[in-house]
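Report on the structure given below.
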Amino acid sequence: MGSLMKIVVLLYVTSAVLCTPFINQLQPGQEWPTRSSVKQPKPDESQKVTDGVVKETEDAIEVDKAPEAISELKVTPEKKVDYSGCQVWKVTTTHTGAKKVISQLASEKLISSWGGNHSTVDVLVKPKVIENVTSVLNSKNIPYDIVIEDLQQVINEENPPLDENEIELQDRRGHRMTWKQYHRVEDIHGFMDYLAKTYPSLVSVNTIGKSVEGRDLKVLRISDGKPTNKAIFIDGGIHAREWISPAVVTYFINQFAENFDVESDDIKNIDWYFLPVVNPDGYEYTHTTDRLWRKNRRRYSVCVGTDLNRNFGYHWGGKGASNSPCRDIYRGAAAFSEPESKAIADFVGSIATKFSAYLTYHSYGQYLLYPWGYDNVVPPDYKELQAVGEQIAGAIKKTGGSSYSVGSSSGLLYPASGGSDDWAKSQGIKYSYTIELSDTGRYGFVLPASKIEPVARENLAGLRVLAHQVCKE
Ligand code: 0X9
Ligand code: ZN
């Protein structure tokens, strides 16, 4: 290399280094809230975690997919759980005794529940037991529809590779994120870092903790730094298999960060905090090994994982949560025993009075749920939560046509304690909602990637309604 060339290269490298802001180096007026000490219950080391019996009431069929049931399924050469021949049925549970029958079948591991409400439940039926379960339901006159004939086929078609044009665009964009595909954690975090680098006076990224397996829990903030701003916290991906959730949350991030200058005053007058993947270990596991994994990846003696949405410290260990690590609704050894839920509590809790809203995105069912979840009771301001929820649902319907039902989560779904929504509300955050995104059961957790944009678009309209409400208070 000639010496002139060397000087040019040296100048280029030096300027690139000096001009690239460090991702977490915040601009003036952008200081993040300090992590003050929030009192959290201490994990109870002596607690036995393997001896639990879970009561299933007539009203509450708990979301459950026991790992034992899955281990009977074949594993493909790439070590992925194979759901070939598995079916998903929507069972009507309004007949007397129907819920008991479903609970019984679930406890015998003949079926596992994907979720439901007061009148139906979606259940996964393995090929070997289809005949058996059919005759039980028929003999009891319990109606059902086969919604998914072959689950593995739907999984195979859910997330097709990008076409050539998209790949080319991806290379030019500076990050790999699209909303035409479900992405791995690396792409999502890379996208967040890219935005912080590209818009350093608006966007910043902070790691608020690490997952059980040591992955970053990254929060992205969008704020123009006005001291009068309100604040909203949004999370996604508490449940690993609910892929639409991180996809929608990152869509919001992209919209606000890329178009901030032309955004509405409501959006500009809010400090936005996004944690798109609360459960990165579980999320990665759904990509590499078991598409239907729900919990985090903490290892216990035999079974794996805590349901992070049963691990928050408000009425922890109450209804709809299990004390057995083998269950999909395992509450954990103690409130906030998991680093993922603890990181949220430390971060949000340290500035709770600052947040006007806490939104946690899940799937599926198309519900806008407000507290309480731990039991069938409502907070004193539930009428406002219901009214604002209905306005959000109205905007969603008008924009994309989807119908979302609004109500308290225990009332509309089932009692389930230890949820992040209840904890946020207990901290005095007024608008605390769980949003169960699309669909209503046609694909369930395995929603095709082509639905990301329509689902995100209509939910962005809903989020604008909430932003407006927050700003006018
Ligand atoms: O059961 C849950 O954790 C949520 N449903 S999901 O199908 N995504 O798992 C609903 C949570 C509602 N909130 C509370 N029960 N606190
Ligand atoms: Zn969920």
Side-chain angles (χ1 to χ4, degrees), residues 54 56 59-65 88 112-118 120-124 235-249 277-279 282-283 286 292-296 305-322 327-332 335 340-341 344 358-379 385 389 404-427 429 432-441 443-447:
V54 179
E56 267 149 0
D59 265 357
I61 297 161
E62 294 166 346
V63 177
D64 190 11
K65 177 176 70 65
V88 179
S112 54
S113 167
W114 268 21
N117 54 31
H118 286 296
T120 64
V121 61
D122 296 343
V123 296
L124 189 150
D235 77 43
I238 283 190
H239 289 140
R241 63 191 172 189
E242 297 165 11
W243 283 7
I244 187 67
S245 161
V248 163
V249 174
V277 196
V278 175
N279 177 10
Y283 185 76
T286 58
L292 292 173
W293 190 256
R294 168 180 167 95
K295 302 185 282 181
N296 77 352
T306 297
D307 182 349
L308 295 175
N309 216 30
R310 300 291 181 277
N311 192 242
F312 283 73
Y314 187 69
H315 285 266
W316 175 84
K319 289 185 181 176
S322 169
R327 297 286 305 271
D328 241 0
I329 49 169
Y330 177 48
R331 66 192 186 186
E340 297 89 352
S341 50
I344 295 179
Y358 180 106
L359 305 182
T360 175
Y361 283 86
H362 288 249
S363 73
Y364 58 95
Q366 294 174 199
Y367 295 105
L368 282 161
L369 306 169
Y370 53 82
W372 301 105
Y374 73 89
D375 209 342
N376 205 354
V377 284
V378 284
L385 297 177
Y404 279 63
S405 312
V406 185
S408 80
S409 64
S410 50
L412 223 47
L413 295 187
Y414 39 77
S417 54
S420 69
D421 50 0
D422 278 8
W423 177 80
K425 185 70 179 165
S426 80
Q427 298 294 296
I429 301 177
S432 170
Y433 291 100
T434 291
I435 295 125
E436 297 281 357
L437 295 163
S438 288
D439 56 13
T440 54
Y443 294 100
F445 301 118
V446 198
L447 192 69

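One is the number of the first residue; the rest follow in order along the sequence. All ligand and atom numbering here is 1-based and tracks the order in the structure.
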Kindly confirm or rule out an N or O of W114 lying under 3.5 angstrom from an N or O of ligand 1. no
Should E242 be counted as touching ligand 1, given the test is an N or O pair under 3.5 Å? yes
Taking 4.0 Å as the limit for heavy-atom contacts, which would you say applies to A416 with ligand 1: side chain only, backbone only, both, or neither? both
Return yes if a side-chain donor-acceptor contact under 3.5 Å exists between T434 and D421, otherwise no. yes
When you look for heavy atoms under 4.0 Å from ligand 1, do you find them on the side chain of S417, its backbone, both, or neither? neither
Answer with yes or no whether G320 contacts ligand 1, where contact means a heavy atom under 4.0 Å from a ligand atom. no
Would E242 count as a contact for the Zn ion (ligand 2), in the sense that one of its N, O or S atoms lies under 2.8 Å from it? yes
For the atom pair NZ (K295) and CG (D328), what is the distance rounded to the nearest 0.5 Å? 5.5 Å
Do you know the tightest heavy-atom contact between Y364 and D122? OH-OD2, 2.7 Å
For the Zn ion (ligand 2), find the closest N/O/S atom on H362 and give its atom name. ND1
Side chain to side chain contact (heavy atoms under 4.5 Å, CB included), that's the test. Do L369 and H362 meet it? Break it down for me. CA-CA 11 Å; L369 306 169; H362 288 249; over 6 Å; no
For the rings on W423 and Y358, is their centre-to-centre separation under 6.0 Å? no
Mind checking whether H362 has an N or O less than 3.5 Å away from an N or O of ligand 1? yes
Closest approach to the Zn ion (ligand 2) by H239, given as the N, O or S atom name: ND1
Given side chain to side chain contact (heavy atoms under 4.5 Å, CB included), test W114 with V88 step by step and report yes or no. CA-CA 9 Å; W114 268 21; V88 179; 3.8 Å; yes
Looking only at non-hydrogen atoms, the one of F445, Y414, Y433, Y367 nearest atom 1 (O) of ligand 1 is Y414
Take F312 and D422 through the side chain to side chain contact (heavy atoms under 4.5 Å, CB included) test and state the conclusion after the steps. CA-CA 8 Å; F312 283 73; D422 278 8; over 6 Å; no
Per-residue contact class, Y364 against ligand 1 - non-hydrogen pairs under 4.0 Å: neither
